[in-house]
Amino acid sequence: MRTNSLPQLFVGLLLVVLVAACGKDKPLLHATNDPPVISALTADPDPVRTNSFSTLRVTASDPEGDSLRYSWSAAANQGSFDTPDSTEAQTRWRAPTVPGTVRLTATVSDGTLSASAILDLVVTAPTATLSGVVRHADTQAPLDGVVVTGGASEDTTAADGRYRLEDLPVGIVTVTASKTGFDTYQFGHNLTADQSATFDFGLLPTVERGRLRGRVTNTLGEAIADAEVSIDTIGTTTDAEGRYAFEPARFGTYAFQASHEGYAPASQSVVIGAAEVTLDATLDALPLPAPTGVTATKTGGLELSVSWQPPSTTAPVRGYFVYRSLNGGEYTRVQETPFGGTVRSHSFTAQEDARYRFVVTALNLENEEGNESPPSNLVVATLLTPTVVISSGNVVMGNTPAGWGNDGVAPHPGSPVFVGTYRIETREVSNRQYAMFLNEKYSANLLAVVEDEVRSASTVLLNLNASRIDFDGNLGLFTVVSGSENHPVVGVTWYGADAYARSIGRRLPSEAEWEKTARGTSPANGSDGSGNGYGSRYPWGLAAPTAVLANFGDLLGGTRAVDSFAAGATTEWSTPVHHLAGNVWEWCEDWFGTYQSPHGPPSNGTNKVLRGGSFRDSAEYLRVGARFSSPPTAASTSGGFRCASNP
């Protein structure tokens, strides 16, 4: 029996515990949860101005002491809350921009049940206050009994003449002041929110009045519309016919003035002592400053354009006269009728190789010319050398086949070379063209002549001693030795050739472009293993050079015109290209190096490539694959260039 007593005791105790537990929980099945109780909902401030803040507070409690959560809401477009939902019993609310009554709701929740309260809050528009003193306009004594009104506010001045208008709407408010025996006075005042503005004024005693009228014209008799006309502090403007009127105007003596932008003002005293007084005024136009930014440009071929900016003044401009100087001569009008006041440029066809400068004057409202502008830059109407288009494709280069280049120079591993489509000039750049380029740049202070060198900054462009171009320091003018105008320019460095090409929107040809132009791609004289035609050994074909085909071997002792030796021009292209052999060596864009395909010349080096031979070189250097090189700073009596461009 003893051995079974412990288990039985344990079971009994367990039953007691379970019964006790059930007895303890049973009353909870009948417990209630009451909703929170809201005792107050307030706003500070109340009412509130538009677009300003008010702090909302709710006072609430929960019967069971549960934690509470607060949420806030309003209808659409009825303002916004900083924290629309939180455990805080207050929040900040921004009022809408339109005045009125807004209904706000506060909801308090214990997590299960909730209670709500509603607050109708008035949103008011911002207002302003205007105050001041009303005086007798003649004696400056304060006036009592003046009724001052503005908006919905009205006040009557006391013995000190003071008035005060409150709760005025924001913006421009019209204020009227009246008193028996005085002229009614009315003015507009711009008020901002919560502003306390001050404005003092005077009333004029009622007296006899008349009308002052007249017309404002210029010295040409033309009506001046929108002229400002005043008598003392009273102002008006003229109509389209220049007429004005003051009515009614008190009898008395006034300071009359008429003015308009671009004219000198006119002023005098006027007496209004009758029912009708007439006073006309004549304004004299002021001379205009000079126009600014006068610039001459070449727009293509022999077409030139001159442009300018208006004078630095707000005065009206009726028109412009443009004057031009031809080859350093006197300035003459480009046309006898003025250009309109809105015109800013003029284009025309110039004389070939003529040098032009321009000045511009502005016409005032009476068609009188003002000061001349500073002269424009010098521009020369020089026709550019025609170009021929050469289509893309491979070209065999160098001493290929053997004997087509310099003797003893092996074929280059980069040949053949692929070259894209390009344009190249049909003639070498002439002395005349280069001298005109120098004149333009020198006139713009972009060049300097130091001893026998023409320099751009520290870069030498031309050695005058090696060239056929002279410089007159007194005139600041480059000229060509007579008879050499159409010969190729010589004595030019690579930098000088590059500067000219860029100035006309072109560039120097690459070595591959130059050789493709000279030899062509015809397979008539053989092809390489890939079917690329060798072209011709000389620009004209396979025949050895002669005095008819090229200027070489010092046979003529100097250069010849850039369009000469037509028999030696290349026959490969639709348009003849002259002097690709002989006359002068021609600078190429590339640094001297190994050929690459597609064409990619070295990015740096010490020497630049020259091609084509010259009037003093042997026939060997007239071959299409012959190469020569020289430092880009070098200048010689046998070195020139031609230009190329992208298609």
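Annotation: side chain of S629 is not in contact with side chain of W591 (no heavy-atom distance under 4.5 Å). Between W585 and D617 the shortest side-chain heavy-atom distance falls below 4.5 Å. Side-chain atoms of P509 and T517, non-hydrogen and from C-beta on, never get closer than 4.5 Å to each other. Side-chain contact between C643 and V429 is present, with heavy atoms from C-beta onward closer than 4.5 Å. The side-chain heavy atoms of E589 and E513, taken from C-beta on, include no pair separated by under 4.5 Å. V379 is not listed as a side-chain neighbour of T297, based on a closest heavy-atom distance of 4.5 Å or more. Considering only heavy atoms from C-beta on, S307 stays 4.5 Å or farther from R344 through its side chain. A 4.5 Å side-chain heavy-atom check between Y422 and R507 finds at least one atom pair inside the cut-off.
Without hydrogens or angle criteria, E366 side chain to A285 main chain gives a donor-acceptor distance under 3.5 Å. With hydrogens and angles disregarded, no donor-acceptor distance shorter than 3.5 Å links the side chain of T426 to the backbone of T387. Remark: side-chain polar atoms of N399 are paired, donor with acceptor, to backbone N or O of W404 under 3.5 angstrom. Without hydrogens or angle criteria, H579 side chain to A561 main chain gives a donor-acceptor distance under 3.5 Å. A donor-acceptor contact shorter than 3.5 Å links the side chain of N551 to the backbone of G558. Listed for the R537 side chain is a donor-acceptor partner under 3.5 Å among the backbone atoms of G403. A side-chain donor-acceptor contact under 3.5 Å links T421 to the backbone of S392. The main-chain N or O of A227 is found under 3.5 Å from a side-chain atom of T238 such that the two form a donor-acceptor pair. At least one donor-acceptor pair under 3.5 Å links the side chain of R357 to the backbone N or O of S376. At distances below 3.5 Å, at least one donor-acceptor pair connects side-chain atoms of N431 with backbone N or O atoms of S484.
Side-chain polar atoms of Y495 and S456 form no donor-acceptor pair below 3.5 angstrom. No side-chain donor from either of S522 and E572 sits under 3.5 Å from a side-chain acceptor of the other. Side-chain polar atoms of W587 and D498 form no donor-acceptor pair below 3.5 angstrom. Residues R616 and T637 bring a donor and an acceptor atom of their side chains to less than 3.5 Å of each other. Side-chain atoms of T349 and E303 form a donor-acceptor pair, as typed in the model, at a separation below 3.5 Å.
In this structure, S443 OG and R355 CZ are separated by 10.0 Å, a value rounded to the nearest 0.5 Å. Going from atom CZ of F565 over to atom CG of L580 covers 14.0 Å, rounded to the nearest 0.5 Å. Here L304 contributes atom CG and S347 contributes atom OG; the two are 8.5 Å apart, rounded to the nearest 0.5 Å. In this structure, the separation between CG on N364 and CD on E369 is 10.0 Å, given to the nearest 0.5 Å. One finds the CD atom of E241 at 14.0 Å from the CD1 atom of I224 (value rounded to the nearest 0.5 Å). Rounding to the nearest 0.5 Å gives a distance of 10.0 Å between CH2 of W514 and CZ of R519.
The two residues G533 and V396 have their closest heavy-atom pair at O-CG2, 3.8 Å. The two atoms that bring G535 and N525 nearest to each other are O-ND2, 2.8 Å, heavy atoms only. In plain terms, the two heavy atoms of V419 and K516 that are nearest each other are O-NZ, 4.1 Å. Between A264 and L283, the shortest heavy-atom contact is O-CD2, 3.7 Å. A pairwise comparison of heavy atoms in P488 and V584 identifies CG-CG1, 3.7 Å as the closest pair. Looking at every heavy atom in both residues, L508 comes nearest to W494 through CD1-NE1, 3.4 Å.
Geometrically, R627 engages F592 in a cation-pi contact defined by less than 6.0 Å to the ring centre and at most 45° from the axis. Taking the ring centre of Y356 as origin, the terminal cationic atom of R324 falls outside the region bounded by 6.0 Å and 45° from the ring axis.
More than 12 heavy-atom neighbours from other residues, nucleotides or ligands sit within 6.0 angstrom of CZ on R427. Environment of CZ in R333: crowded, with over 12 heavy atoms of neighbouring residues, nucleotides or ligands closer than 6.0 Å. The local environment of CD in E352 is crowded, with over 12 non-hydrogen atoms from other residues, nucleotides or ligands closer than 6.0 Å. Within 6.0 Å of CD in Q335 there are more than 12 heavy atoms belonging to other residues, nucleotides or ligands.
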Candidate pair N377 and E440, rule side-chain contact (heavy atoms from CB on, under 4.5 Å), full reasoning: CA-CA 7 Å; N377 58 298; E440 285 188 353; over 6 Å; no
Run the side-chain contact (heavy atoms from CB on, under 4.5 Å) check on T521 and N532 step by step: do they pass? CA-CA 7 Å; T521 59; N532 297 291; over 6 Å; no
Is there a side-chain contact (heavy atoms from CB on, under 4.5 Å) between Y434 and L461? Walk through the geometry before answering. CA-CA 11 Å; Y434 202 82; L461 305 187; 3.9 Å; yes
As a quick check of understanding, evaluate side-chain contact (heavy atoms from CB on, under 4.5 Å) for L464 and V454, giving each step before the final call. CA-CA 7 Å; L464 291 169; V454 180; 4.0 Å; yes
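Evaluated for a side-chain contact (heavy atoms from CB on, under 4.5 Å) with Q433, the options V489, L383, T385 yield exactly one hit, T385. For the side-chain contact (heavy atoms from CB on, under 4.5 Å) with T493, the qualifying choice from N463, V460, L462, T459 is V460, the only one to do so.
Ion pairing between a basic and an acidic side chain is recognised when a charged N comes within 4.0 Å of a carboxylate O; E511 and R611 show such pairing. With respect to E586 and R642, a salt bridge is recorded, a charged nitrogen being found less than 4.0 Å from a carboxylate O.
Using a 30° and 60° split on the angle between ring planes, F339 and W308 fall in the tilted class, from 30° to 60°. Between Y263 and H260, the ring planes are perpendicular. Angles over 60° get that label, and only those under 30° would be called parallel. Taking the six-membered ring where tryptophan is involved, the planes of F471 and F478 are tilted, since the angle between them lies from 30° to 60°.
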